[in-house]
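First comes the structure, then the notes that go with it.
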Amino acid sequence: MALTTTVEMLRRAQEQHYAVGAFNVENMEMAQAIVQAAEELHAPVILQTTPSTVRYAGTSLYLANVAALAREANVPVAMHLDHGDSFELCVSALRAGYTSVMIDGSKLPLEENIAFTRRVCEMCSAVGVPVEGEIGRVGGKEDDLEDEGGYTIPEEAVRFEKESGLFSMAVGVGTAHGFYKETPVLNKELITTLRGMLSAPMVLHGASGLSDDDVRDCIARGICKVNFATELRAAYTEAVRKVLADSSVIDPKAYGKAGRAAVKELVKSRMLVCGCDGKA
């Protein structure tokens with residue numbers, strides 16, 4: 001089937017109290033692994049690229065890989081720009097054919113974040129592409145993003161939703177990008193509070209390294225999209241290293257297959273935690 005948007009995916013997840021897994025891709029093998037995992041579990045799935053990934057190979061090339069996989073897939077597949085950091089990057093993703101974009105103005109003062117996000121929403125709404133915004137920063141380091149983080153203020157979130165025109169909202173509840181050096185302090189009650197005040201589907205960033213129980217609890221309280229990135233890169237790289245320990249291996253397909261298999265199993269386990277298996 002053709003690529004789909006995240007609208008129906010996330011609204012259904014919101015209504016039925018599960019989350020759709022959103023997985024960052026770096027290459028063809030990771031994209032294959034994620035879609036294969038989704039097909040085996042009959043789960044809807046979102047594939048994502050970050051600004052540094054796009055700088056590495058461009059929006060069109062990543063979109064082409066994912067679109068080709070989606071055409072042959074028997075489950076809904078969306079292509080999402082994660083942490084878009086400029087209007088121009090969102091334009092590039094939209095022109096390439098991405099079916100969902102995120103514009104991250106969370107480092108800006110509230111008024112500027114609203115205006116920045118609204119500009120992207122106005123552009124994307126013309127072609128029916130949903131926009132994810134962020135308020136209350138996710139800390140840590142991922143890709144080329146680094147931040148100390150900060151909790152979402154409920155009253156600001158309500159205003160952000162109303163005035164920006166966004167579809168979904170990434171919220172700051174104590175998670176961080178990258179692997180955790182110590183156990184994170186999650187403000188789960190904040191998720192419950194926000195769920196009662198917002199209509200926008202809420203997104204949890206920084207899930208790599210969280211316990212399964214923590215992820216499930218966040219979903220039960222209202223999260224309906226969960227992002228995974230760092231642990232996928234780690235799984236792929238570790239599998240490749242094992243193959244390359246044999247110095248006679250020179251065929252990229254040999255280690256590509258190993259990396260693909262490792263990512264596929266990890267994605268399947270994360271989908272089961274999210275509860276999106278069987279929901280396609």
Side-chain angles (χ1 to χ4, degrees), residues 6-22 46 80 82-83 100 102-118 120-121 130-140 142 145 147-178 180 182-228 270 273-276 279:
T6 57
V7 173
E8 185 177 346
M9 283 186 189
L10 299 191
R11 285 301 185 202
R12 187 178 178 193
Q14 194 176 40
E15 292 167 2
Q16 299 184 16
H17 307 292
Y18 63 88
V20 178
I46 301 167
H80 180 71
D82 188 30
H83 285 289
S100 178
M102 177 189 184
I103 185 66
D104 184 358
S106 60
K107 292 183 180 180
L108 299 172
L110 178 61
E111 296 278 355
E112 294 179 31
N113 190 6
I114 290 172
F116 188 42
T117 304
R118 184 170 57 235
V120 173
C121 289
V131 175
E132 177 183 330
E134 181 172 335
I135 185 169
R137 300 185 301 278
V138 179
E142 178 193 49
L145 304 166
D147 207 316
E148 294 181 358
Y151 291 111
T152 296
I153 298 171
E155 293 75 18
E156 291 187 352
V158 170
R159 184 181 170 196
F160 187 46
E161 176 182 44
K162 181 180 180 180
E163 297 183 18
S164 70
L166 58 76
F167 166 67
S168 58
M169 188 184 302
V171 294
V173 295
T175 55
H177 294 119
Y180 293 97
E182 54 188 38
T183 303
V185 179
L186 300 181
N187 188 345
K188 297 177 186 177
E189 286 297 328
L190 178 56
I191 299 174
T192 304
T193 298
L194 290 167
R195 178 70 280 141
M197 300 173 71
L198 302 171
S199 61
M202 290 190 295
V203 181
L204 184 70
H205 286 242
S208 290
L210 291 183
S211 72
D212 291 350
D213 286 344
D214 276 339
V215 174
R216 290 190 186 100
D217 194 11
C218 290
I219 293 168
R221 291 172 180 269
I223 292 294
C224 54
K225 174 177 178 266
V226 182
N227 286 14
F228 300 95
R270 295 298 173 252
V273 171
C274 288
C276 57
K279 300 298 194 299

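- Taking 4.5 Å as the limit, every side-chain heavy atom of Lys225 sits out of range of all side-chain heavy atoms of Thr6.
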Going through the checks in order, is the side-chain contact (heavy atoms from CB on, under 4.5 Å) test met by Val171 and Val203?
CA-CA 6 Å; Val171 294; Val203 181; over 6 Å; no
I'd like to know whether Arg216 forms a side-chain contact (heavy atoms from CB on, under 4.5 Å) with Val273, so could you lay out the CA-CA distance, the side-chain angles of the two residues, the decisive distance to 0.1 Å, and finally the verdict.
CA-CA 6 Å; Arg216 290 190 186 100; Val273 171; 3.9 Å; yes
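- Counting all heavy atoms, side chain and backbone alike, Ala170 lies closest to Glu132 at CB-OE2, 3.5 Å.
- In Glu8, the CD atom is not crowded: 12 or fewer heavy atoms of neighbouring residues, nucleotides or ligands sit closer than 6.0 Å.
- Considering every non-hydrogen atom in both Leu166 and Ala200, the closest pair reads CD1-CB, 3.9 Å.
- Qualifying side chain to side chain contact (heavy atoms under 4.5 Å, CB included) partners for Arg159, counting only residues two or more places apart in sequence or in other chains: Leu110, Glu111, Ile114, Glu163.
- Side chain of Thr152 to main chain of Ile135: a donor-acceptor pair is present (N/O by atom type, distance under 3.5 Å, no hydrogens or angles).
- In this structure, a donor-acceptor pair under 3.5 Å is absent between the side chains of Ser211 and Asp213.
- A search for side chain to side chain contact (heavy atoms under 4.5 Å, CB included) contacts involving Glu189 returns Asn187, Thr192, Arg221, not counting sequence neighbours.
- Residue Glu161 comes nearest to Ser199 through the heavy atom pair OE2-OG, 2.8 Å, listed as atom of the first residue, atom of the second, then distance.
- Within the 4.5 Å cutoff, the side chain of Leu204 has no heavy atoms near those of the Asn227 side chain.
- No donor-acceptor distance shorter than 3.5 angstrom exists from the side chain of Arg270 to the backbone of Ala207, with no hydrogens or angles considered.
- Shortest non-hydrogen contact noted between Gly133 and Thr117 is CA-CG2, 4.5 Å.
- Between Thr193 and Pro154, the shortest heavy-atom distance links the atoms CG2-CG, 4.2 Å.
- Separation of atoms CZ (Arg195) and CD1 (Ile223) is listed at 8.5 Å; rounding is to 0.5 Å.
- Ala19 and Ala13 get closest at one heavy-atom pair: CA-CB, 4.4 Å.
- Within the 4.5 Å cutoff, side-chain heavy atoms of Arg11 are placed close to those of Phe167.
- Considering OG of Ser100 and CG of Leu10, their distance stands at 7.5 Å, rounded to 0.5 Å.
- A distance-only check finds no donor-acceptor pair linking the side chain of Gln14 to the backbone of Cys224 [under 3.5 Å].
- Separation of atoms NE2 (His80) and CG (Asp82) is listed at 5.0 Å; rounding is to 0.5 Å.
- Taking CG of Asp214 as the reference point, atom CG of Asp217 lies at 7.0 Å (rounded to 0.5 Å).
- Side-chain contact check for Leu210 versus Leu186: some heavy-atom pair is nearer than 4.5 Å.
- Taking CG of Leu198 as the reference point, atom CE of Met169 lies at 4.5 Å (rounded to 0.5 Å).
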